[in-house]
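Just so it is clear, the values below take in all heavy atoms, side chains as well, and ignore hydrogens, waters and symmetry mates. Keep in mind that this is a model prediction, so the values were computed, not measured.
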Amino acid sequence: MPSRIEDYALIGDTRTAALVARNGSIDWLCLPRFDSPACFAALLGDERHGRWSLRPDDALVSCSRRYRSGTMILETDVETVSGRVHLVDFMPVAEGPEDNPHRVMRVLEGLSGRVAMRMTLSPRFEYGSVVPWIRECDDVVTAVAGPDAIVLAAPVALRRDGLEISASFTVEAGQRLPLVLAWHRSHLPRPRLGDGVEELAATERWWRGWAERNTYDGEYGEAVMRSVMTLKALTYQPTGAVVAGGAASLPGHRGGGRAGGVPVWGVRAATLTRRARLATGDTPAAGAGRAGRLREG
């Protein structure tokens with residue numbers, strides 16, 4: 001079953017976004033754009049509809065998380081009966097054509113002891129209705145379905161487990177393990193995946209550089225900047241169009257039922273978003289006021 005709405009956090013690359021549950025499962029991701037069909041849709045069903053789970057196998061003692069200051073980089077600290085680990089989830093900011101690779105990166109670091117971990121990747125394209133062809137190739141595992149392909153690289157032994165990709169491993173204190181997932185068009189060569197640690201530093205620089213250009217100096221500064229940063233993550237960079245949320249069919253309040261459709265971003269809401277960003281010194285792209293328009297031109 002999916003997590004509660006309040007247990008999801010947003011990460012994004014200014015072209016699309018993912019929702020990460022507190023339990024370490026990415027339950028929603030559309031690729032390559034916000035309005036593309038989801039390849040992880042467990043949010044609207046269960047694990048059979050696609051997810052990427054990374055969680056401890058040991059008994060859980062506590063879990064806390066936060067965004068790294070001035071960024072959309074999500075940090076989670078997990079303590080188990082055998083040790084502590086630190087998980088960083090982020091998406092490097094996308095640049096260039098929309099067909100360029102989109103990547104989700106998860107950097108796992110041991111803080112103390114030895115923590116047994118389990119990873120499960122279940123890509124399901126077209127909102128969970130299409131099961132891809134999974135194969136092991138060199139040091140990565142690929143999943144292909146029609147025009148879409150996903151590549152997973154990790155410094156641990158990956159195995160095909162039925163319709164899933166899985167791994168069981170142990171993280172020791174001081175050990176750092178970057179896991180990289182990349183989408184690309186299936187007819188194109190496998191993209192450069194990049195180094196998770198280097199990409200983390202570059203992503204942090206990009207977000208902090210953007211945040212430093214904002215000029216808001218009023219009450220509740222930290223909350224205001226976090227809100228504006230979330231709006232930035234929900235803005236389609238090529239045109240400046242703003243989407244209404246990170247996913248379809250989310251409830252409008254805690255404990256509420258699902259909304260039952262794709263959120264509609266009206267002219268009034270888009271205008272208020274533009275005003276909010278301008279008030280903090282951010283200048284959205286010219287297309288930001290065009291409700292619901294993602295495509296260039």
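- The main-chain N or O of D195 is never found under 3.5 Å from a side-chain atom of E198 such that the two would form a donor-acceptor pair.
- The line from OG1 of T203 to CZ of F90 is 5.0 Å long, rounded to the nearest 0.5 Å.
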ask   = Does the side chain to side chain contact (heavy atoms under 4.5 Å, CB included) test come out yes or no for I11 and V20, once each step is laid out?
value = CA-CA 8 Å; I11 58 174; V20 188; 4.0 Å; yes
task = Kindly indicate, with the supporting measurements, whether the criterion side chain to side chain contact (heavy atoms under 4.5 Å, CB included) is fulfilled by Y127 and L44.
result = CA-CA 9 Å; Y127 302 102; L44 304 182; 5.6 Å; no
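- A salt bridge links R68 to E75: one of the charged nitrogens lies within less than 4.0 Å of a carboxylate oxygen.
- Salt bridge annotation for D46-R51: absent, with no cationic side-chain nitrogen under 4.0 angstrom from a carboxylate oxygen.
- Judged purely by distance below 3.5 Å, without hydrogens or angles, the side chains of E164 and S122 pair a donor atom with an acceptor atom.
- Environment of CZ in R48: sparse, with no more than 12 heavy atoms of neighbouring residues, nucleotides or ligands closer than 6.0 Å.
- At distances below 3.5 Å, at least one donor-acceptor pair connects side-chain atoms of T16 with backbone N or O atoms of C30.
- Nearest heavy-atom pair across S112 and V115 is O-CG2, 4.3 Å.
- In plain terms, the two heavy atoms of R185 and P32 that are nearest each other are NH2-CG, 4.1 Å.
- Hydrophobic clustering of Ile, Leu, Val, Met, Phe, Trp and Tyr side chains at less than 4.5 Å, counting indirect connections, unites L19 with L234.
- In this structure a side-chain-to-backbone donor-acceptor pair under 3.5 Å is present from Y67 to L10.
- Contact annotation: the side chain of I26 approaches that of V104 to within less than 4.5 Å [non-hydrogen atoms, C-beta and beyond].
- Note on I73 and M225: separate hydrophobic clusters, where clusters join Ile, Leu, Val, Met, Phe, Trp and Tyr whose side-chain heavy atoms are under 4.5 Å apart, directly or indirectly.
- Ion pair R192/E199 flagged as a salt bridge, since at least one NZ, NE, NH1 or NH2 atom sits closer than 4.0 Å to an Asp/Glu carboxylate oxygen.
- The shortest heavy-atom contact between E219 and V224 is O-CG2, 3.9 Å.
- Cluster annotation: V180 is not connected to M72 through the hydrophobic network of ILVMFWY side chains, with a link wherever side-chain heavy atoms come within less than 4.5 Å.
- When all heavy atoms of C39 and L31 are compared, the pair lying nearest together is SG-CD1, 3.8 Å.
- Between R124 and P132 there is a side-chain heavy-atom pair separated by less than 4.5 Å.
- Remark: E79 CD to D58 CG distance equals 11.5 Å, nearest 0.5 Å.
- Contact annotation: the side chain of V85 never approaches that of Q175 to less than 4.5 Å [non-hydrogen atoms, C-beta and beyond].
- Proximity of F169 to L108: side-chain heavy atoms (C-beta onward) are separated by under 4.5 Å at one or more points.
- Side-chain contact between Y236 and R15 is present, with heavy atoms from C-beta onward closer than 4.5 Å.
- Put simply, the side chain of T170 never gets that close to the backbone of A116: no donor and acceptor are under 3.5 Å apart.
- A pairwise comparison of heavy atoms in G194 and R103 identifies CA-NH1, 4.0 Å as the closest pair.
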ask   = Between R160 and I165, does a side chain to side chain contact (heavy atoms under 4.5 Å, CB included) hold up when you go through it step by step?
value = CA-CA 5 Å; R160 183 175 56 186; I165 302 166; 5.6 Å; no
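- The line from OG of S25 to CG of D7 is 12.0 Å long, rounded to the nearest 0.5 Å.
- Separating the OG1 atom in T80 from the CE atom in M117 is a distance of 9.0 Å, to the nearest 0.5 Å.
- The line from OG of S64 to CZ of R22 is 8.5 Å long, rounded to the nearest 0.5 Å.
- A donor-acceptor contact shorter than 3.5 Å links the side chain of Y8 to the backbone of S3.
- A salt bridge links R208 with E204; the closest basic N to acidic carboxylate O contact falls under 4.0 Å.
- Panel note: side chain T239, backbone A241; a donor-acceptor pair is recorded below 3.5 Å.
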task = Give the C-alpha distance, both sets of side-chain angles, the deciding distance and a yes or no for side chain to side chain contact (heavy atoms under 4.5 Å, CB included) between L200 and V88.
result = CA-CA 9 Å; L200 175 59; V88 181; 3.7 Å; yes
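- Between M119 and L179 there is a side-chain heavy-atom pair separated by less than 4.5 Å.
- I150 is not listed as a side-chain neighbour of T142, based on a closest heavy-atom distance of 4.5 Å or more.
- A heavy-atom distance below 4.5 Å is not found between the side chains of W52 and D27.
- Here M91 contributes atom CE and R106 contributes atom CZ; the two are 12.0 Å apart, rounded to the nearest 0.5 Å.
- In plain terms, the two heavy atoms of L29 and A17 that are nearest each other are CD1-O, 3.5 Å.
- Hydrophobic clustering (side-chain heavy atoms under 4.5 Å, transitive across Ile, Leu, Val, Met, Phe, Trp, Tyr) groups V156 together with I134.
- No continuous path of hydrophobic side-chain contacts links L181 to V107 [ILVMFWY only; heavy atoms under 4.5 Å].
- A side-chain donor-acceptor contact under 3.5 Å links N214 to the backbone of W210.
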